[in-house]
Amino acid sequence: MDEEVVRERDARAYEAVHEAADFTELKRRYRNFVVPWTITFMAWYLAYVACNNWARDFMGTQVIGHVNVALIFGLLQFVSTFFIAALYGRFANRKLDPLASGLNAKYKRERRR
């Protein structure tokens, strides 16, 4: 098959998916999850960095033995990362994947035309 024909068919299939209401909904759902959680995580991370720079007495407070607040905050960075990743996985499985699967099927149908 001619390469130009294949490119044109792919472009037509992509445009059909791009113009679908489900594609707009998929982008909206994705953005509505990612933006707030990214802002939340970055604020939490910047608070950790700021406290390490300007609240040294607080961060150096011993909690248990040689474990201080800074160490706990540092470990909580990992916990929050895995927590957000797990939330996103659940969200994507429930809210994004069904739309994406439908759009993928539409793209494949359009490519066969």
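In this chain, numbering begins with 1 at the start of the sequence shown.
Atoms CG and CG, on L103 and L96 in that order, are 11.0 Å from each other to the nearest 0.5 Å. Note that the CD atom of E110 and the CZ atom of R9 stand 11.5 Å from one another [nearest 0.5 Å]. Note that CH2 of W44 and OG1 of T40 are 12.5 Å apart. Values are rounded to the nearest 0.5 Å. If you take CZ on F33 and NZ on K95, they are separated by 12.0 Å, rounding to the nearest 0.5 Å. Atoms CE and CH2, from M59 and W54 in turn, are 12.5 Å apart once rounded to the nearest 0.5 Å. Taking CG of D2 as the reference point, atom CD of E8 lies at 10.0 Å (rounded to 0.5 Å).
A salt bridge does not link R12 to E15: none of the charged side-chain nitrogens sits closer than 4.0 Å to a carboxylate oxygen.
R28 is listed as a side-chain neighbour of R31, based on a closest heavy-atom distance under 4.5 Å.
No single ILVMFWY cluster, assembled from side-chain heavy atoms under 4.5 Å apart, contains both I84 and I39. Cluster annotation: V69 is not connected to F78 through the hydrophobic network of ILVMFWY side chains, with a link wherever side-chain heavy atoms come within less than 4.5 Å. Cluster annotation: V49 is connected to L75 through the hydrophobic network of ILVMFWY side chains, with a link wherever side-chain heavy atoms come within less than 4.5 Å. No chain of hydrophobic side-chain contacts below 4.5 Å, direct or via other Ile, Leu, Val, Met, Phe, Trp or Tyr residues, connects Y107 to V6. A continuous path of ILVMFWY side-chain contacts below 4.5 Å connects Y88 to M42, so both sit in one hydrophobic cluster.
Using a 30° and 60° split on the angle between ring planes, F83 and W37 fall in the perpendicular class, above 60°. Ring geometry for Y45 against F41 counts as parallel: the plane angle stays under 30°, on a 0 to 90° scale with 60° as the upper cut. Ring geometry for Y48 against F73 counts as tilted: the plane angle lies between 30° and 60°, on a 0 to 90° scale.
Taking a 6.0 Å sphere around CG of L46, one finds it holds more than 12 heavy atoms contributed by other residues, nucleotides or ligands. Annotation: N93, atom CG; neighbour count of heavy atoms from other residues, nucleotides and ligands within 6.0 Å is above 12. Counted within 6.0 Å of OH on Y30, heavy atoms from surrounding residues, nucleotides or ligands total 12 or fewer; the atom is thus considered open. Around atom CZ of R94, more than 12 heavy atoms belonging to other residues, nucleotides or ligands sit under 6.0 Å away.
Between N52 and A70, the shortest heavy-atom contact is OD1-CB, 3.7 Å. When all heavy atoms are compared, the tightest approach of G65 to Q62 is O-OE1, 2.5 Å. Shown here for V17 and F23, the closest heavy-atom pair between the two residues is O-CB, 3.2 Å. Contact detail for P98 and A92: the closest heavy-atom pair is CD-O, 4.3 Å.
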